[in-house]
S.K.: 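The structure under discussion is supplied below as structure tokens; questions concerning it will follow.
Letters A, B, ... mirror the listed sequences (proteins, then strands); counts begin at 1.
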2 protein chains.
Amino acid sequence: MENLRELFQVMTRRFGFLNKNCCTTGGTEISLVQSHILYEIDHQHNPSMQQIADTLGIDITTFSRQVQSLVKMNLVKKTPDAEDRRIQILSLTTEGKYVATTIDEQMNLFLNDVFSHMNDFEKETVIRSIKLLNNAMAKSSMCCGNIQG
Amino acid sequence: MENLRELFQVMTRRFGFLNKNCCTTGGTEISLVQSHILYEIDHQHNPSMQQIADTLGIDITTFSRQVQSLVKMNLVKKTPDAEDRRIQILSLTTEGKYVATTIDEQMNLFLNDVFSHMNDFEKETVIRSIKLLNNAMAKSSMCCGNIQG
DNA sequence: TTTATTATTTGTAATTTGCAACTATATCAA
DNA sequence: TTGATATAGTTGCAAATTACAAATAATAAA
């Protein structure tokens, strides 16, 4: 049987390259980590700091500072939770939403370009496989069992 | 059609987690970037600094310092090229080879655990899909056209 | 031989990171 | 209630990582 790791090493590296390029939008330039943060805030429902930090596996202190930057850039807003005032609820500002959406479009553009090198059948197979893989990884205790998203 | 990016975002994040955990071997602890460097040195034939840096998309100055660290840790060796003395050929020391191999085994262990949640047919499908994906990404001008590996 | 070009290394400064310690709020237990 | 404990988040560091600019050293080209 072939070396599994090699396959995945190449794949993830290439996706890393993809991700690297797509975090600049008009005037705003953000880092890869920051784009992941925007993405998660956009996709979770009234998330707290801890929640997003856990999802992304980022140390909470690092995360705290990253969010501070994003707030300064006027992309993210922090709102104290009404019921538990220790908790800060994160949300995107209008500008933040715009940046997140633009990055999303950019990424989908890249991905569609990648998929344009396959026929419909292959494309379907690959998409189904990614889903299988995501489910399997979620089930694996060795990696992502406790992580949602 | 579903949102492609979401699928890949989740997948690459989970692989990121996988990668994060597997860079400690016995006494030696190295960073994620350093493990990628070891991997590439191990897989390329008599590679130069530039070659590996390009493959990994790391700035050459950053790379130079990372290699210095690895040399200090006695994991990597630099040998001046006989024909062009500007070039340094990189290779793994015995200890470096050991660390690289151990990480490789660790990763394959993780991956096998992930695949244990699938049946044989699914597994085959997924592996074939990753290959398709890697090829397609290699062809895409928008991402990885100029990158080997 | 002079003039590029290429490979790699340093100077320096900004950014990112994480551990430990701190503040503030909430919960639990008697 | 009150004290002890736990949780959410923020800072103080100090180390690691990064990248731009400039330097060095060797080769190639004119």
Side-chain angles (χ1 to χ4, degrees), chain A residues 13 16-17 19-21 23-24 28-38 40-41 44-73 75-91 146 148, chain B residues 13 16-17 19-21 23-24 28-38 40-41 44-73 75-91 146 148:
Chain A
R13 176 179 329 133
F17 278 114
N19 268 307
K20 251 188 192 171
N21 298 326
C23 303
T24 307
T28 325
E29 181 153 350
I30 63 177
S31 74
L32 182 56
V33 189
Q34 290 171 339
S35 88
H36 279 268
I37 295 176
L38 292 191
E40 280 308 320
I41 296 179
Q44 292 190 26
H45 176 67
N46 288 348
S48 70
M49 304 266 297
Q50 275 296 348
Q51 262 173 56
I52 304 281
D54 286 349
T55 305
L56 296 173
I58 303 175
D59 184 276
I60 184 68
T61 69
T62 303
F63 184 77
S64 173
R65 282 183 250 254
Q66 288 287 4
V67 169
Q68 280 170 32
S69 303
L70 290 168
V71 168
K72 264 190 205 143
M73 288 188 237
L75 301 178
V76 167
K77 203 174 61 156
K78 284 199 283 193
T79 317
D81 185 292
E83 301 190 346
D84 185 338
R85 275 175 304 173
R86 290 172 303 181
I87 297 174
Q88 301 277 354
I89 302 294
L90 298 174
S91 57
N146 46 343
Q148 74 273 43
Chain B
R13 176 179 327 135
F17 279 115
N19 267 307
K20 251 189 192 171
N21 297 326
C23 302
T24 306
T28 324
E29 182 154 350
I30 62 176
S31 74
L32 183 56
V33 188
Q34 290 172 338
S35 88
H36 280 268
I37 295 176
L38 292 191
E40 281 307 319
I41 296 179
Q44 291 189 27
H45 176 67
N46 288 349
S48 70
M49 304 268 298
Q50 272 298 347
Q51 262 173 58
I52 304 281
D54 286 349
T55 304
L56 295 174
I58 302 175
D59 184 277
I60 184 68
T61 69
T62 302
F63 184 78
S64 174
R65 280 183 249 254
Q66 287 288 4
V67 170
Q68 281 171 32
S69 302
L70 290 169
V71 169
K72 264 189 206 145
M73 287 188 238
L75 303 177
V76 167
K77 203 175 62 159
K78 284 198 282 192
T79 318
D81 185 291
E83 300 189 347
D84 185 337
R85 275 176 303 174
R86 290 171 303 180
I87 297 175
Q88 302 278 354
I89 301 295
L90 298 175
S91 58
N146 48 342
Q148 75 272 44

S.K.: Can you tell me if A:T55 uses its side chain to pair, donor with acceptor, with the backbone of A:Q51 under 3.5 Å?
M.R.: yes
S.K.: What is the separation between atom CD on A:E29 and atom P on C:dA14, rounded to the nearest whole Å?
M.R.: 17 Å
S.K.: For the pair made of CG in A:D81 and P in D:dT7, what is the distance, rounded to whole Å?
M.R.: 17 Å
S.K.: Just the rounded figure in Å: distance from P of C:dC19 to CZ of A:F63.
M.R.: 17 Å
S.K.: Given atom CD of A:E83 and atom P of C:dA24, what is their separation to the nearest angstrom?
M.R.: 23 Å
S.K.: Whole angstroms only, please: what is the CG-P distance between A:L70 and C:dT16?
M.R.: 10 Å
S.K.: Could you go over nucleotides 12-17 of chain D and give all protein N or O partners under 3.5 Å, atom names and distances?
M.R.:
from   : atom 1 : to    : atom 2 : distance (Å)
D:dG12 : O6     : A:R65 : NH2    : 2.6

S.K.: A side-chain contact here means heavy atoms from C-beta on lying under 4.5 Å apart; do B:I60 and B:M49 qualify?
M.R.: yes
S.K.: In whole angstrom, give the distance that lies between atom CG of A:D59 and atom P of C:dA20.
M.R.: 11 Å
S.K.: If we ignore hydrogens and angles and just use 3.5 Å, is the side chain of B:Q34 paired with the main-chain N or O of B:S31 as donor and acceptor?
M.R.: yes
S.K.: Who passes side-chain contact (heavy atoms from CB on, under 4.5 Å) against B:N46, sequence neighbours left out?
M.R.: B:I89
S.K.: Going by the rule side-chain hydrogen bond (donor to acceptor under 3.5 Å, both in side chains), which residues pair with A:R86 if we only count those two or more places apart in sequence or in a different chain?
M.R.: A:D84
S.K.: Name all residues meeting the salt bridge (Lys or Arg N to Asp or Glu O under 4.0 Å) criterion together with A:R85; count only those two or more places apart in sequence or in a different chain, and write none if there are none.
M.R.: none
S.K.: So, using side-chain contact (heavy atoms from CB on, under 4.5 Å) as the criterion, who are the partners of B:T61 when residues are at least two apart?
M.R.: B:D59
S.K.: Taking atom types as modelled, is there a side-chain donor on A:S48 or A:Q88 under 3.5 Å from an acceptor on the other?
M.R.: no
S.K.: Would you tabulate the pairs of protein nitrogen or oxygen atoms and nucleotide nitrogen or oxygen atoms of nucleotides 4-8 of chain C closer than 3.5 angstrom?
M.R.:
from  : atom 1 : to    : atom 2 : distance (Å)
C:dT6 : O4'    : B:R86 : NH1    : 3.3
C:dT6 : O2     : B:R86 : NH1    : 2.7
C:dT8 : OP1    : B:M49 : N      : 3.3
C:dT8 : OP1    : B:Q88 : N      : 2.9
C:dT8 : OP1    : B:Q88 : O      : 3.4
C:dT8 : OP2    : B:Q50 : N      : 2.7

